[in-house]
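Read the structure below first, then the notes.
What you see is a predicted model; the values in this text were computed from it and never measured. Positions are given from 1, in the same order as the sequence printed here.
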Amino acid sequence: MACTRTYLAAAGETRSADSWQMWEALRELAVGRMYDGSQDVGARLIWAKPAIVAGGQRDTSSGSAPASALADGVSVRAYAIREFGAVPGDEIRDASELCETVFRGIGMSRQDVSAEAAAWQELPRDRMLRLRHVKNLLTPLRSIMDTLGPDDPVRVELSAWLALIPELP
């Protein structure tokens, strides 16, 4: 929180630290710094964690469902893995753990997602949106598939999930 207050003061920010807009601004700053190729790798990597934390705080402050924070976090982590390499056991760059987090976050079996996706146009809006959320979680994982070993069971599971993307809304 001290880092947040420092950022807010430097930016002339007057909103409270509980403001979802402040957290979104901080998330955008952190993601931008992480993507900044003019900085060295170590400096860019430092910004990944604040980007993920700020996304979660934004959703908590706004009363939003945690789904968008999960999707934001998946995108940030997938980018970090793709750009800076996978590191098993690392909080941000563990590719297997990220995939397992997504599988849990989907909250449905692959078979159930596949069955709903087959007729998604006929589903009620909330179920269509749930399938769209599944697609938003899976899409960033395409870019990290090669970081998983060919015989890794997580890679096999990921491959099966990724095959569903074209069927999802």
Side-chain angles (χ1 to χ4, degrees), residues 23-24 26-37 39-60 64-121 123-124 126-169:
W23 287 110
E24 176 60 12
L26 186 57
R27 186 195 68 79
E28 287 181 20
L29 171 75
V31 168
R33 297 280 169 88
M34 184 182 71
Y35 280 39
D36 185 356
Q39 294 190 41
D40 67 68
V41 171
R44 292 173 67 195
L45 260 173
I46 288 171
W47 288 99
K49 176 123 180 155
I52 293 166
V53 170
Q57 290 297 323
R58 173 204 58 209
D59 289 352
T60 299
S64 297
S68 65
L70 178 59
D72 281 349
V74 168
S75 292
V76 167
R77 291 181 65 191
Y79 177 85
I81 291 166
R82 184 178 67 249
E83 289 295 311
F84 311 121
V87 179
D90 184 79
E91 180 180 13
I92 304 292
R93 296 186 295 153
D94 187 323
S96 292
E97 197 280 326
L98 174 58
C99 292
E100 290 169 358
T101 296
V102 168
F103 303 155
R104 284 188 308 273
I106 289 171
M108 298 171 63
S109 73
R110 196 174 63 250
Q111 294 75 15
D112 289 344
V113 170
S114 180
E116 286 198 0
W120 70 262
Q121 298 92 337
L123 294 174
D126 65 319
R127 288 175 50 203
M128 285 183 195
L129 291 174
R130 184 172 56 185
L131 290 177
R132 184 61 175 179
H133 173 65
V134 170
K135 186 174 190 175
N136 290 341
L137 289 174
L138 291 173
T139 299
L141 300 183
R142 285 177 165 168
S143 67
I144 67 165
M145 175 74 107
D146 291 338
T147 66
L148 300 166
D151 298 326
D152 187 332
V154 174
R155 182 187 177 117
V156 173
E157 180 77 5
L158 177 59
S159 181
W161 276 105
L162 294 180
L164 294 177
I165 289 177
E167 308 304 319
L168 295 167

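A 4.5 Å side-chain heavy-atom check between H133 and L129 finds every atom pair outside the cut-off. Annotation: side chain of W161 is in contact with side chain of V113 (closest heavy-atom distance under 4.5 Å). Q39 places none of its side-chain heavy atoms less than 4.5 Å from the side chain of L45. With contacts defined as side-chain heavy-atom distances shorter than 4.5 Å, the pair D151/V156 does not qualify. Between S159 and M145, the closest side-chain pair of non-hydrogen atoms falls below 4.5 Å. Looking at L138 and V74, their side chains never come closer than 4.5 Å, going by heavy atoms from C-beta outward.
For the atom pair CZ (R104) and CG (L70), the distance works out to 10.0 Å, reported to the nearest 0.5 Å. To the nearest 0.5 Å, atoms CG (L137) and CD1 (I165) are separated by 10.0 Å. Between the CH2 atom in W47 and the CE atom in M34 there is a gap of 11.5 Å [rounded to 0.5 Å]. Taking CG of D146 as the reference point, atom CZ of R82 lies at 12.0 Å (rounded to 0.5 Å). Separating the CD1 atom in I81 from the OG1 atom in T147 is a distance of 6.0 Å, to the nearest 0.5 Å.
Here the closest non-hydrogen pair linking V76 and A48 is CG1-O, 3.8 Å. Counting all heavy atoms, side chain and backbone alike, L168 lies closest to A117 at CD2-CB, 3.8 Å. Of all heavy-atom pairs between C99 and I144, the closest is SG-CD1, 4.1 Å. Across every non-hydrogen atom of V154 and D152, the tightest pair is N-OD1, 2.8 Å.
R58 places no side-chain N or O within 3.5 Å of a backbone atom of E24 that could act as its donor or acceptor partner. In this structure a side-chain-to-backbone donor-acceptor pair under 3.5 Å is present from R93 to F84. Between the side chain of D94 and the backbone N or O of P88, no donor-acceptor pair lies under 3.5 Å. With R155 contributing its side chain and P150 its backbone, the two residues share no donor-acceptor pair below 3.5 Å. Side-chain N or O atoms of S143 include one that pairs as donor or acceptor with a backbone N or O of P140 at under 3.5 Å. Side chain of T139 to main chain of K135: a donor-acceptor pair is present (N/O by atom type, distance under 3.5 Å, no hydrogens or angles). Looking at S114, its side chain never comes within 3.5 Å of a backbone N or O of R110 through a donor-acceptor pair.
In this structure, a donor-acceptor pair under 3.5 Å is absent between the side chains of E100 and S96. No donor-acceptor contact under 3.5 angstrom links the side chains of E116 and W120, judged on distance only. Under 3.5 Å, the side chains of D72 and S75 contain no donor-acceptor pair of N or O atoms.
The residues R77 and E91 are annotated as not salt-bridged, no charged nitrogen and carboxylate oxygen being separated by less than 4.0 angstrom.
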Please evaluate residues V31 and Y79 with respect to the criterion side chain to side chain contact (heavy atoms under 4.5 Å, CB included), reporting the C-alpha separation (whole Å), side-chain torsions for both, the decisive distance (0.1 Å), and the verdict.
CA-CA 10 Å; V31 168; Y79 177 85; over 6 Å; no
Determine, step by step, whether V87 and I92 satisfy the side chain to side chain contact (heavy atoms under 4.5 Å, CB included) criterion, reporting the C-alpha distance in whole Å, the side-chain angles of both residues, the deciding distance to 0.1 Å, and the verdict.
CA-CA 8 Å; V87 179; I92 304 292; over 6 Å; no
